[in-house]
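Quantities reported herein were computed from a predicted structural model and do not represent experimental measurements. No hydrogens, no waters, no symmetry mates; every other heavy atom, side chains included, goes into these values.
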Amino acid sequence: MRAHRSEFIQAVVERGFLHQATDLDALDQLAASKRLTAYIGFDATADSLHVGNLVGIMMLRLLQRTGHRPIALVGGGTSKVGDPSGKEESRQLLTDEKLAVNLEGIKRSLSSFLDVEASDTGKVNETGRAGLMVNNADWLDHLNYIQLLRDYGPHFTINRMLTFDSVKLRLDREQPLTFLEFNYMIMQAYDFVELARRYDCELQMGGSDQWGNIVNGVELGRRVERRTLFGLTTPLITTASGAKMGKSAAGAIWLNKERLSDFEYWQYWRNTEDADVGRFLKLFTDLPLDEIAKLEALQGSEINEAKKILALEATSLCRGRAAAEEAAGAAGAVFGSDTESLEGLPTVEIDNGEFQTGINILDLLQRAGLVMSKGEARRLIRGGGARLNDDRISNEDLMVKTDDLQDGVLKISSGKKRHIRILAA
């Protein structure tokens with residue numbers, strides 16, 4: 001691997017973040033000569049980001065750690081339209097009230113990883129390495145449609161827009177692509193130009209599915225601003241078995257604690273496939289590469305120690321060190337490797353009086369959130385996957401009573417990986 005001039009590009013390449021770049025050598029030279037400002041956009045379609053967004057977040061973190069300035073652009077404006085990239089159907093349009101809730105949640109997601117301050121002034125931030133969190137509604141909400149068409153419409157051809165994967169996917173499958181969504185790529189390109197004007201932002205980063213949109217912004221900057229802008233994309237991250245990053249049997253792996261417990265977040269990383277451990281340590285932790293190389297070389301059962309370190313480091317970045325260590329302790333109690341309490345597990349409170357009369361195990365599994373229905377609970381029991389205080393449940397008519405509580409607490413499990421702490425309140 002050849003050496004690069006800038007610490008940032010060198011780390012991007014070594015840690016596995018690079019997929020494509022518009023002009024890597026020129027970007028490398030620029031990053032070596034000045035404090036670079038770069039941005040990544042995040043849709044405001046939920047009140048938390050998830051692990052699928054984490055590659056981009058870690059790229060911004062790496063940018064900041066190597067002395068440059070990150071901008072996290074939250075799409076308060078573009079989320080009113082919806083990015084068609086990778087989507088087979090139109091997204092549901094969001095109300096202003098729902099967008100406000102989502103934007104606040106996204107700020108919480110990002111602030112765990114980045115040193116950022118919100119910018120409502122549009123002025124250049126002069127606080128050294130501190131980054132910015134910017135909402136593109138600040139400019140998109142105030143655009144004059146006719147003026148936008150006159151000033152920027154001539155720089156986009158329908159011929160080229162039809163070649164983008166996000167458009168071709170819909171057309172090939174004869175699925176509708178609204179004119180509203182068709183405008184998304186123009187709006188994203190305009191975002192890049194506006195950030196260049198306001199904050200001297202010269203680089204847009206994003207996932208590989210954003211390549212066409214990013215190149216549009218680079219081209220628009222060249223045509224209307226007569227300046228050189230750059231684009232850089234990260235590879236699509238899948239697990240060794242081909243699964244999409246950030247998904248589990250229970251759904252998305254959310255970054256915010258309100259959406260997912262510390263234990264479940266820790267456990268997601270602990271369950272990493274053996275073949276992914278080294279790659280994920282490079283992408284999702286700050287550990288030095290020489291330390292990662294030692295962990296990556298572990299074989300057999302020793303690889304589990306590397307997984308625990310991955311879980312601890314990844315959870316520490318997102319939830320804090322104390323929460324990560326508590327989750328690790330709870331996992332030790334769950335799997336019998338130590339005697340820590342179960343307090344780090346996801347907890348469901350149930351009135352103590354219900355245990356005095358007894359709660360049917362099918363109802364308890366459903367109320368714990370381990371199953372969606374009584375039918376699913378029966379299938380779980382018949383398959384041998386349901387456990388109460390680590391004992392396998394075989395009786396579908398079992399009534400869970402006060403005697404089953406241990407100091408007012410019991411543990412109910414689905415398989416080896418999902419555990420809930422039931423607290424008699």
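Judged purely by distance below 3.5 Å, without hydrogens or angles, the side chains of Thr37 and Arg69 pair a donor atom with an acceptor atom. Side-chain atoms of Glu264 and Tyr268 include no donor-acceptor pair closer than 3.5 Å. Side chains of Asp28 and Ser6: a donor-acceptor N/O pair is present below 3.5 angstrom, by distance only. Between the side chains of Gln210 and Asn213, at least one donor N or O lies within less than 3.5 Å of an accepting N or O. Between the side chains of His19 and Ser208, not a single donor N or O lies within less than 3.5 Å of an accepting N or O.
Using a 4.5 Å cut-off on side-chain heavy atoms (C-beta onward), Ile9 and Leu232 make contact. Arg319 is listed as a side-chain neighbour of Leu260, based on a closest heavy-atom distance under 4.5 Å. In this structure, the side chains of Phe230 and Val218 stay at 4.5 Å or more apart for every pair of heavy atoms. Side-chain contact between His4 and Leu24 is present, with heavy atoms from C-beta onward closer than 4.5 Å. Under the 4.5 Å side-chain criterion, counting only non-hydrogen atoms from C-beta, Met133 is in contact with Leu110. Between Arg421 and Val409, the closest side-chain pair of non-hydrogen atoms falls below 4.5 Å. Within the 4.5 Å cutoff, the side chain of Met58 has heavy atoms near those of the Leu317 side chain. Using a 4.5 Å heavy-atom threshold, the side chains of Glu296 and Lys282 count as touching.
Without hydrogens or angle criteria, Asp43 side chain to Thr45 main chain gives no donor-acceptor distance under 3.5 Å. Within the 3.5 Å criterion, the main-chain N or O of Ala26 finds a donor-acceptor partner in the side chain of Asp23. Not a single donor-acceptor pair under 3.5 Å links the side chain of Glu376 to the backbone N or O of Val371. Side chain of Thr233 to backbone of Gln20: a donor-acceptor contact under 3.5 angstrom is found. Proximity of a side-chain donor or acceptor of Arg418 to a complementary backbone N or O of Gly369 within less than 3.5 Å is detected. Side-chain atoms of Asp141 never come within 3.5 Å of backbone atoms of Asp138 as a donor-acceptor pair (strictly under, hydrogens ignored). The closest donor-acceptor contact from the side chain of Thr22 to the backbone of Gly231 lies under 3.5 Å. Not one N or O on the side chain of Asp262 forms a donor-acceptor pair closer than 3.5 Å with the backbone of Ala323. Side-chain atoms of Asn256 come within 3.5 Å of backbone atoms of Asp47 as a donor-acceptor pair (strictly under, hydrogens ignored).
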In sequence, state the C-alpha distance, the side-chain angles, and the governing distance for Thr239 and Thr272, and then conclude on side chain to side chain contact (heavy atoms under 4.5 Å, CB included).
CA-CA 8 Å; Thr239 65; Thr272 296; over 6 Å; no
CA sep, side-chain torsions, deciding dist, call: Glu7, Arg65, salt bridge (Lys or Arg N to Asp or Glu O under 4.0 Å):
CA-CA 10 Å; Glu7 183 184 359; Arg65 288 173 59 211; over 6 Å; no
Do Asp286 and Arg61 pass the side chain to side chain contact (heavy atoms under 4.5 Å, CB included) test, and can you show the C-alpha distance, the side-chain angles, and the key distance before you say yes or no?
CA-CA 9 Å; Asp286 293 338; Arg61 181 178 175 85; 2.6 Å; yes
Test side chain to side chain contact (heavy atoms under 4.5 Å, CB included) on Ile57 and Leu49 and set out the steps.
CA-CA 10 Å; Ile57 296 172; Leu49 298 178; 3.8 Å; yes
Give the intermediate values and the outcome of side chain to side chain contact (heavy atoms under 4.5 Å, CB included) for residues Asn271 and Trp266.
CA-CA 9 Å; Asn271 292 333; Trp266 185 96; over 6 Å; no
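Between Ile71 atom CD1 and Asp191 atom CG the span is 11.0 Å, to the nearest 0.5 Å. Atom-to-atom distance recorded for Glu313:CD and Lys308:NZ is 15.0 Å, nearest 0.5 angstrom. Once rounded to the nearest 0.5 Å, the distance linking NZ of Lys294 with CG of Leu287 reads 12.0 Å. Phe17 contributes atom CZ, which lies 11.5 Å from atom CG of Leu63 (distance to the nearest 0.5 angstrom). The line from OG of Ser48 to CD1 of Ile253 is 11.0 Å long, rounded to the nearest 0.5 Å. Note: Glu325 CD to Leu312 CG = 6.0 Å, rounded to the nearest 0.5 Å.
Residues Arg227 and Ala196 come closest through the heavy atom pair NH1-O, 3.2 Å. Here the closest non-hydrogen pair linking Arg15 and Thr285 is NH2-O, 3.0 Å. Here the closest heavy-atom approach between residue Ala31 and residue Leu36 is recorded as CB-CD2, 4.2 Å. What you find for Ala240 and Ala275 is that their closest heavy atoms are CB-CB, 3.8 Å. Nearest approach of Thr238 to Arg279, heavy atoms of both residues: O-NH2, 2.7 Å. Of all the heavy atoms in Thr228 and Glu202, the pair that sits closest is O-OE2, 4.5 Å.
Heavy-atom contacts from other residues, nucleotides or ligands closer than 6.0 Å to NZ of Lys257 number 12 or fewer.
Taking the six-membered ring for Trp and the full ring otherwise, Trp269 and Phe284 have centroids separated by under 6.0 Å. Taking the ring centroids of Tyr39 and Phe192, they lie under the 6.0 Å cut-off.
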